[in-house]
Participant: 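Below you'll find the structure I mean.
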Amino acid sequence: MKKLSIFMPAIRTENWDAMYQSIEKSCTTLPWELVLCGPFELTEFLKGKTNTKHVKDFGSPSRCAQLASFECEGDLIFHCVDDALMLEGSIDSCLKQYKLVCGKKDIINCKYREGLNYQGESMRQDYWYAWGHDALRLPGIPRHYKMSCHHILDAEYFREMGGYDCSFLYQNFNLHDFIFRCQWNGSSVIESQVDVTSCDHGQADHKVIEDAHNEHDYPLFKKIYGSDSNALQGRKIDLNNFSNSPLVWNKRFKNGIPKSYNELEKRVGSAPNEY
């Protein structure tokens, strides 16, 4: 292991500085970089960091995650989200675990907590299994499969598997799809020994994500996995599939692209059902 690339779709600029500082305390044994993709520029703090990159894009979170992955220089990559804070020493723990138990195809599921103002508690054990969730109990998903929304894995293997399916808008069901495809291909998904991140919850800008989940992503997911018990057989994703997704995520930006996250928050506050 030479370098870790932490990548994500990113819009919540107000969180980025604290997230970076939390990574400094979480990953001390391996050089790392942070790769963000989204519509808003880096903060002044992050502009001064030589290990931070930003890809400007106005597409969906799925498209942005895929674009961010292309800029990763590390031999290992860690997919995460920008409302997360890394817990002290937790990435170091995962890297040590990866070195001890993982082959090229294997994946560390980086367990997270989630709650308002980062007050969430550790998830129940069956949370990390697909069939621990009603929405994932589908004929095309083997009962023993695990899930992972934040994961560390070999960068080359990620690309060999095509990365994320950007026909999904938000990053939830395409994360499941990726992890299921990997397991079908022989990957083991191994839970981290510690919680790695604590995530905030209940942001005002989340309405558009809920709509994407209910109106588009889950219907698409059920179309793939909802009836065919062999859904994973032969399922391949083109690494450049992002090019089929719109350049601008109109559901988020249907009233124009704001200049900052603060402006977006103000729009949400004045018209919460519009963004």
Side-chain angles (χ1 to χ4, degrees), residues 5 7-11 35-38 55 57-72 77-82 105-107 109-110 128-131 133 135-142 145-187 189 208-252:
S5 294
F7 74 105
M8 63 191 72
I11 193 170
V35 185
L36 308 174
C37 180
V55 181
D57 195 78
F58 303 100
S60 71
S62 294
R63 173 186 165 93
C64 287
Q66 193 82 334
L67 289 173
S69 74
F70 296 155
E71 300 302 317
C72 293
I77 57 175
F78 173 18
H79 171 271
C80 199
V81 292
D82 75 341
K105 290 184 176 182
D106 299 328
I107 298 167
N109 168 35
C110 299
W128 307 112
Y129 285 82
W131 276 52
H133 304 265
L136 301 181
R137 292 175 187 159
L138 298 174
I141 303 171
Y145 270 19
K146 293 183 177 181
M147 55 161 274
S148 173
C149 292
H150 305 168
H151 31 262
I152 291 176
L153 72 157
D154 182 271
E156 184 178 4
Y157 182 60
F158 174 86
R159 296 175 183 125
E160 288 174 4
M161 293 300 296
Y164 305 124
D165 183 349
C166 298
S167 58
F168 293 92
L169 297 174
Y170 184 59
Q171 283 228 279
N172 183 23
F173 288 110
N174 72 346
L175 298 175
H176 300 327
D177 172 71
F178 173 73
I179 292 297
F180 298 157
R181 284 189 281 115
C182 288
Q183 287 173 95
W184 184 267
N185 193 52
S187 302
V189 178
V208 67
I209 293 170
E210 294 172 6
D211 290 346
H213 176 285
N214 296 325
E215 298 170 7
H216 181 273
D217 288 358
Y218 191 52
L220 175 59
F221 189 79
K222 285 189 72 174
K223 183 177 180 181
I224 298 169
Y225 290 101
S227 60
D228 184 1
S229 60
N230 294 312
L232 282 160
Q233 188 169 350
R235 178 162 168 73
K236 304 290 184 182
I237 300 298
D238 182 346
L239 186 63
N240 293 312
N241 78 90
F242 75 93
S243 62
N244 298 320
S245 60
L247 298 178
V248 176
W249 188 19
N250 286 328
K251 184 68 175 176
R252 169 76 82 184

Participant: Over 60° means perpendicular and under 30° means parallel, so tell me whether F70 and F242 are parallel, tilted or perpendicular.
Facilitator: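 Rings of F70 and F242: perpendicular, over 60°.
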
Participant: With a 3.5 Å distance limit and no angle check, can you tell me whether D217 reaches the backbone of Y170 through a side-chain donor-acceptor pair?
Facilitator: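 Judged by distance alone, yes, a pair lies under 3.5 Å.
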
Participant: Within a strict 4.5 Å, meaning less than it, do heavy atoms of the C110 and I152 side chains meet?
Facilitator: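 In contact.
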
Participant: Would you say the side chain of L232 lies within less than 4.5 Å of the side chain of P142, judging by non-hydrogen atoms?
Facilitator: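 Side-chain contact under 4.5 Å: yes.
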
Participant: Output yes when a side-chain donor or acceptor of Q66 lies under 3.5 Å from a complementary backbone atom of N240, and no otherwise.
Facilitator: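 No; zero donor-acceptor contacts below 3.5 Å.
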
Participant: If you define the side chain from C-beta out and look only at heavy atoms, does anything of V189 sit under 4.5 Å from W128?
Facilitator: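 Sidechains of W128 and V189: no contact.
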
Participant: Please check if the side chain of Y157 supplies one atom and the backbone of S187 the other of a donor-acceptor pair under 3.5 Å.
Facilitator: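 Such a contact is absent between Y157 side chain and S187 backbone.
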
Participant: Can you tell me how the ring of H150 sits relative to the ring of H79, calling it parallel under 30°, perpendicular over 60° and tilted otherwise?
Facilitator: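 Correct class here is tilted.
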
Participant: Look at the rings of H151 and Y164 and say which category their plane angle falls in: under 30° parallel, 30 to 60° tilted, over 60° perpendicular.
Facilitator: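 H151 and Y164: tilted rings.
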
Participant: So does V208 get a backbone contact from the side chain of K251, meaning a donor-acceptor N/O pair under 3.5 Å?
Facilitator: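 A pair under 3.5 Å: no.
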
Participant: Please check this pair: side chain of R159 against backbone of S69, looking for a donor-acceptor N/O pair closer than 3.5 Å.
Facilitator: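 The answer is yes, because a donor-acceptor pair under 3.5 Å joins these two groups.
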
Participant: Under 4.0 Å between a Lys/Arg side-chain N and an Asp/Glu carboxylate O for R181 and D165?
Facilitator: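 Answer for the salt bridge query: no.
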
Participant: Is a donor on one side and an acceptor on the other found under 3.5 Å between the side chain of Y145 and the backbone of W184?
Facilitator: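 Flag set: sc Y145 to bb W184 pair under 3.5 Å.
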
Participant: Evaluate the ring planes of F173 and H176, with Trp represented by its six-membered ring, and classify them as parallel (under 30°), tilted (30 to 60°) or perpendicular (over 60°).
Facilitator: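 Plane angle over 60°, so perpendicular.
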
Participant: Let's go through Y225 and R235 carefully: what are the C-alpha distance in whole Å and the side-chain angles of both, what is the deciding distance for side-chain contact (heavy atoms from CB on, under 4.5 Å) to 0.1 Å, and is it a yes or a no?
Facilitator: CA-CA 11 Å; Y225 290 101; R235 178 162 168 73; 3.7 Å; yes

Participant: Does some side-chain heavy atom of F7 sit less than 4.5 Å from a side-chain heavy atom of E71?
Facilitator: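 When only atoms from C-beta onward are counted, F7 and E71 do not touch, as no gap falls below 4.5 Å.
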
